[in-house]
Amino acid sequence: MSNPNFVSYPAVFSQVGHSITVIFPDILELSVSGESYAEAIVNATASLKHYLEKNSNSTLASKPESLKHMRASFPEDLVQLVAVELRN
């Protein structure tokens, strides 16, 4: 059995109308939404995992920005880490 490879990125959750939009400021081309926070978290997790696995050979930021920095940059929104387990 291989060791799990967990990766986490800060995500910004914003209410837009009746839905929740999620962006990953470290991965500009990745954004998702959901009808509730629970659905937005599920969609964000699945999308982050898919994106990272699809782009495993590309150069991503080696270290995502800190939560403290992200929360200061987005004071009106919910900022939390989204973690995924990647295949080795």
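Bear in mind the structure is a predicted one, so any value in this text is a computation, not a measurement.
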Exercise for review: Starting at CD of Glu53, measure out to CD of Glu85 and round the result to the nearest 0.5 Å.
Suggested key: 9.5 Å

Review point. Under 4.5 Å between side-chain heavy atoms, hopping through other hydrophobics if needed: is there a path connecting Leu81 to Ile27?
Key: no

Review point. Below 4.5 Å, heavy atoms only, C-beta onward: do Pro25 and Pro10 meet side chain to side chain?
Key: no

Practice item. Please report the shortest heavy-atom distance between Ala11 and Val22, naming the atom on each side. Key: CB-CG1, 3.8 Å

Study note, to complete from the structure: Quick note, side chain to side chain donor-acceptor pair (under 3.5 Å) partners involving residues 32-42, not counting sequence neighbours, are none

Study note, to complete from the structure: Heavy-atom closest pair (Asp26 atom, Met70 atom, distance to 0.1 Å) is OD2-CE, 3.8 Å

Check your understanding: Please walk me through it: do Leu78 and Val12 pass side-chain contact (heavy atoms from CB on, under 4.5 Å)?
Key -> CA-CA 6 Å; Leu78 172 66; Val12 179; over 6 Å; no

Check your understanding: Can you find a pair of side-chain heavy atoms, one from Glu29 and one from Phe24, that are under 4.5 Å apart?
Key -> no

Review point. Quick one: which of Val32, Val84, Leu86 gives a side-chain contact (heavy atoms from CB on, under 4.5 Å) with Leu48?
Key: Val84

Check your understanding: What are the two closest heavy atoms between Pro75 and Ala72, and how far apart are they?
Key -> CD-O, 3.5 Å

**Study point:** Student check: side-chain heavy atoms of Phe13 and Ile41 closer than 4.5 Å
**Key:** yes

Exercise for review: Report the residues that fulfil side-chain contact (heavy atoms from CB on, under 4.5 Å) with His69, sequence neighbours left out, ordered by chain and then residue number.
Suggested key: Glu65, Ser66, Ser73

Point to revise | side-chain contact (heavy atoms from CB on, under 4.5 Å) between Tyr9 and Leu30, worked out | key: CA-CA 11 Å; Tyr9 278 83; Leu30 183 58; over 6 Å; no

**Study point:** Spatial distance of atom CD1 (Ile23) from atom CG (Asp77) [nearest 0.5 Å]
**Key:** 7.5 Å

Exercise for review: Please examine the side chains of Ser47 and Thr45, heavy atoms only from C-beta on, and report whether any two atoms are closer than 4.5 Å.
Suggested key: no

Check your understanding: Looking at NZ of Lys54 and NZ of Lys49, how far apart are the two atoms once the value is rounded to the nearest 0.5 Å?
Key -> 15.5 Å

